[in-house]
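So the structure is just underneath, and the comments pick up after that.
Values below: all heavy atoms of this structure, side chains included; hydrogens, waters and symmetry mates excluded. Order of the sequence lines sets the chain letters (A, B, ...), proteins ahead of strands, with each chain counted from 1. Computed from a prediction, not measured in an experiment: that's the story for all the values here.
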Amino acid sequence: MAARVMDEEYVEQVLALVERVPAGRVTTYGALADEVGRGGPRLVGRVMSLHGGAVPWWRVVRADGRPAECHDGEAVRRLLEEDVPFAAPGRVDLRRAGWWTPD
DNA sequence: CGGATGACGACAC
DNA sequence: GGTGTCGCCATCC
């Protein structure tokens with residue numbers, strides 16, 4: 001066991017980064033994978049699907065600025081309450097909301 | 001061991 | 001800017 005790359009260490013790293021994202025800002029799966037330096041966007045998505053309930057998963061969106069298709073309506077509602085800038089209905093403006101992006 | 005799947009991403013048209 | 005296709009990485013069948 002523990003031979004899987006999805007070790008708790010990887011999960012904790014991803015969740016820690018998501019929790020570090022302030023309200024009103026968002027991050028992407030690819031950015032998280034890049035920050036962790038391991039796996040890929042698919043891995044981050046898998047971690048979120050398994051342990052996303054323990055972190056503000058709605059602050060994690062796709063590279064195109066659209067939340068996960070699973071709960072997009074729920075995510076948009078949450079982001080709207082946090083004053084997250086939208087570039088279009090259902091599409092977040094990563095240019096301003098991107099947490100990794102310099103202001 | 002090979003094929004299919006998934007809370008994704010980048011590129012081509 | 002929307003749609004279609006391929007690639008990535010790990011897991012499941």
Just how far, in rounded Å, is [atom2] of [N] from [atom1] of [X]?
X       : N      : atom1 : atom2 : result
D64(A)  : dG4(C) : CG    : P     : 15 Å
R59(A)  : dA7(B) : CZ    : C1'   : 17 Å
R66(A)  : dG9(B) : CZ    : C1'   : 15 Å
L17(A)  : dA7(B) : CG    : P     : 21 Å
W100(A) : dG9(B) : CH2   : C1'   : 13 Å
R62(A)  : dC8(C) : CZ    : P     : 19 Å
D34(A)  : dC8(C) : CG    : P     : 17 Å
H71(A)  : dG6(B) : NE2   : P     : 14 Å

Is it true that D64(A) and R66(A) have a side-chain N and a carboxylate O under 4.0 angstrom from each other?
no

With a 4.0 Å cut-off on N to O distance, would you call R77(A) and E74(A) a salt bridge?
yes

In whole Å, what separates the P atom of dA7(B) from that of dG2(C)?
23 Å

Between W57(A) and H71(A), does the ring centroid distance fall short of 6.0 Å?
yes

Looking at R38(A), does any N or O in its side chain come under 4.0 Å of the phosphate oxygens OP1/OP2 on dC8(C)?
no

Would you indicate which nucleotide in [options] comes nearest to any side-chain atom of [X]?
X      : options                 : answer
M48(A) : dA7(B), dT11(C), dG9(B) : dA7(B)
Y29(A) : dT11(C), dC9(C), dC8(B) : dC8(B)
L43(A) : dC8(B), dG6(B), dC9(C)  : dC9(C)

Using only heavy-atom distances, decide whether a donor-acceptor pair under 3.5 angstrom links the side-chain of R42(A) to the base of dC9(C).
no

Considering every strand and a 4.0 Å limit on heavy-atom distances, what is the contact class for R91(A): base, sugar-phosphate, or nothing?
sugar-phosphate

Are the side chain of R59(A) and the backbone N or O of R25(A) linked by a donor-acceptor pair below 3.5 Å?
no

Test side-chain contact (heavy atoms from CB on, under 4.5 Å) on D34(A) and W100(A); report intermediate values, then the result.
CA-CA 11 Å; D34(A) 185 61; W100(A) 64 89; over 6 Å; no

